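Each residue takes its place number in the sequence, starting with 1. Below, all heavy atoms of this structure are taken into account, side chains as well, without hydrogens, waters or symmetry copies. Predicted, not measured: the structure shown is a model, and the values here were computed from it.
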Amino acid sequence: MKYIFKSLFYLLFITIFPGLQAQTFTQYNTSITNVAYGASAWGDYDKDGDLDLLLCGDRTTGSFYAGIFRNDNGSFVNTNAGLTGLAYASAEWGDFDNDNDLDIILSGYDINSTPVSQIYRNDNNSFVFLTELSTSVADGESTWGDYDNDGDLDILVVGSYKITIFRNNGDGTFTDIIPHLQELQSASARWVDFDNDGDLDILISGDSGGGFVTKLYRNTAGDFQVVDAGFPGLSAGTINWGDLDNDGDMDLIITGFDDALDPQFFVYRNDGNDLFTEINTYITGIALSSLDLGDVDNDGDLDMVFSGKSAGCGSQYSAMYRNMGNWLFFDMGATLVDLKRSSVSFGDFDNDGDIDVFLSGLNGYDDAVSALFRNENGANAFVPNTNPTAPDGLLTASSDGSDITFSWNRAQDAQTPSDGLSYNLRVGTTSGGHEILSSMSCNCGFNKRSALGNVNQDTSWNLLSLSPGTYYWSVQALDNGGMASVFATEQSFTVLPAGIAAYADHVSVTVYPNPANDILFVRFDSQDKPQPVTIYNGQGHQVWTGFLKDQEYIDVSRFSTGLYHLKTSRSGVSFIVQ
């Protein structure tokens, strides 16, 4: 009955909205290696302004593969990068050493059926083996994410009935942190700030050995606690977060086998306050699957492409669904190759203002296939995507001098609504630098990864325990079609030595309003006599000194916009002038 209703719904939909199945994708001729049981990711590793392809998997001819295909004006050249060939694999770009080029993490089975998890450093466009992690996994995920807000990328690995977080020590080494998370096989995992609180949370799904599970963990100062979100347990599928309704928080798609080994496809709307509502989309369930999100028709919302095993014995299925708004999704009828044990990745490889799609996996004959499909509609059926504006209103604030909060206003875009934009933040010790937090984006504005911004959709982000010194930072906006803004006008600030910006004792002085415009009131816990007060700007320069009593004020109307530190003989506090 479910499938009869789905067919009737589909016929009614195309009757009401004729011509929606007209999106054209044509297969693009390449010599990219055919693989299955693998992974793919788009990224500009050589900084030439176009997306290259990271790929790994089983050739199904007796050998495994991992490598990089360099994009030379639309021709893909195998770089023979020297990576270990893997199957049941995951692969991801990330800048772990904050030198603003793309490094690699790979996980999977090698040809000897041994699980491996390896990091490769990008050294002037050549990849050098750095280390093999002490916990190696296969048939799962290894994924980058800064869980401790120190600016460098840590690693979550899950698979082979293991799970571990590796903390990046900032010197090319990683420390194994054993969290109290569910160990899984046939697993999927994602970092995401689902609650918009400025740090990365975790969602995992897979086979626990005692049943299939899907678990959401909230990050609380580096400690992960289970959130009872009510998601169904699935295995051998995929997890994808994306703001499907452009309301500023991340919604969820989960696929995979349920406990009865039936393929499933679930969509959940994020309602905030740890609440998620299941949306009935009538989309066919898939497992042994992969899914990606992106705006293929440049109407500003996230569409989806996926492939995998659908209901029935051995059946492969690939499809692209258009997001029509109001939680309606429509099969676009894109002519793709049907695959399972698959990987799919959106990316605008030809820089023509619309996103294309790469697929790899097993076809109906159990042959490995890799296929690139070019989105042809940007030239004739709709206006190509355009870049967002740069964010403005950049501010920094400090709770104790070394912990810094960055904030900015939402940017604007002609296609993606403002609430749907994500952001890349960079922080460096040099002007234009990325030494503390890498944006993984060119300073000219080109986004080097076909991925969500490094701080998700947040418009504020925390960096903790910065050393004394002067820092430079900026932020750019990303839209749902993968286009990036230029970076905002660079800002700078200084973390002062202990005793000026960092206060170890209790705060005996408070200020209000904060941020301030013209008048800053000062309040002390002692009201018996005037207190010495000195104010420093973000560069550590003294801008005001004097004596104040409790509830007296300072005229800050002539202060420049930015972060300031008010110090008394006993304590101090930071404030912002705007």
| said: Treating S290 as the side-chain partner and V344 as the backbone partner, does any N or O pair qualify as donor plus acceptor under 3.5 Å? | reply: yes

| message | Strictly distance-based, threshold 3.5 Å: is any side-chain N or O of S360 a donor or acceptor partner for the main-chain N or O of S370? | response | no

| message | Can you see whether D479 engages T416 through a side-chain donor-acceptor pair at a distance of less than 3.5 angstrom? | response | no

| query | Side chain of D338, backbone of S318: donor and acceptor closer than 3.5 Å? | reply | yes

| said: Within the structure provided, determine whether L293 and F346 are in side-chain contact (heavy-atom separation under 4.5 Å). | reply: no

| request: Output the distance between atom CZ (R374) and atom CG (D352), rounded to the nearest 0.5 Å. | output: 6.0 Å

| task | Using a cut-off of 6.0 Å, state whether more than 12 heavy atoms not belonging to N73 lie near its atom CG. | result | no

| query | Looking only at atom types and distance, does a side-chain atom of K448 sit under 3.5 Å from a main-chain N or O of N100, one as donor and one as acceptor? | reply | yes

| request: Without swapping roles, check the side chain of N168 against the backbone of G170 for a donor-acceptor pair under 3.5 Å. | output: yes

| field | is_close_aromatic(F276, F231), centroid dist under 6.0 Å | value | yes

| field | Test item: S310 side-chain N/O and I286 main-chain N/O as donor-acceptor pair under 3.5 Å | value | no

| Just checking, is any N or O donor in the side chain of Y317 or S342 under 3.5 Å from an acceptor N or O on the other one? | no

| query | Are the side chains of Y45 and N125 in touch, meaning some heavy atoms are under 4.5 Å apart? | reply | yes

| Residues which pass salt bridge (charged side-chain N to carboxylate O under 4.0 Å, His left out) with D245, listed by chain and number, not counting sequence neighbours | none

| message | I'd like to know whether CG of D171 has more than 12 heavy-atom contacts from other residues, nucleotides or ligands below 6.0 angstrom. | response | yes

| request: Would you confirm whether D139, through its side chain, and G159, through its main-chain N or O, come within 3.5 Å as a donor-acceptor pair? | output: no

| What's the shortest heavy-atom distance between Q476 and V486, and which atoms? | CB-O, 3.8 Å

| message | Please find the pair of heavy atoms, one from D356 and one from N375, that lie closest to each other, and give the distance. | response | OD1-N, 2.8 Å

| request: For the residue pair S422 and Q457, confirm or rule out a side-chain donor-acceptor distance under 3.5 Å. | output: no

| field | Ring-ring centroid check F373 F358, cutoff 6.0 Å | value | no

| query | Donor-acceptor pair, N323 side chain versus L302 backbone, under 3.5 Å? | reply | yes

| query | Strictly by modelled atom types, are D58 and Y88 linked by a side-chain donor-acceptor pair under 3.5 Å? | reply | no

| said: Measuring only between side-chain heavy atoms, which start at C-beta, is V267 closer than 4.5 Å to D251? | reply: no

| Distance-only polar pair, side chains of D354 and N298, donor-acceptor under 3.5 Å | no

| message | Do L203 and W241 have side chains that approach each other closer than 4.5 Å (heavy atoms only, starting at C-beta)? | response | yes

| Contact check, side chains of L425 and N454, non-hydrogen atoms, under 4.5 Å | yes

| request: Decide whether T131 and Q118 meet the rule of one side-chain donor and one side-chain acceptor closer than 3.5 Å. | output: no

| message | Within the 3.5 Å criterion, strictly below it, is a donor on Q264 or D258 matched to an acceptor on the partner's side chain? | response | yes

| query | Quick one: do the S485 and N387 side chains pair a donor with an acceptor below 3.5 Å? | reply | no

| task | Please answer whether the main-chain N or O of L133 pairs with a side-chain N or O of S136 as donor and acceptor at a distance below 3.5 Å. | result | yes

| request: Would you confirm whether the ring centroid of Y109 sits within less than 6.0 angstrom of the ring centroid of F64? | output: no

| Are W42 and D52 close enough that some pair of their side-chain heavy atoms sits under 4.5 Å apart? | no

| task | Determine the interplanar angle of the F224 and Y147 rings, folded into 0 to 90°, and report it as parallel if under 30°, tilted if 30 to 60°, perpendicular if over 60°. | result | tilted

| message | When you compare the side chain of F166 with that of D154, does any pair of heavy atoms fall below 4.5 Å? | response | no

| Does a side chain donor of either N363 or Q316 reach within less than 3.5 Å of an acceptor in the other side chain? | no

| task | Give a yes or no on whether the backbone of G210 and the side-chain of S208 come within a donor-acceptor separation of less than 3.5 Å. | result | yes

| message | Tell me whether the rings of Y28 and F76 are parallel (<30°), tilted (30 to 60°) or perpendicular (>60°). | response | perpendicular

| Check: S205 and F212 side chains under 4.5 Å, non-hydrogen atoms | no

| Does a salt bridge link E141 with R190, judged by any charged N lying under 4.0 Å from a carboxylate O? | yes

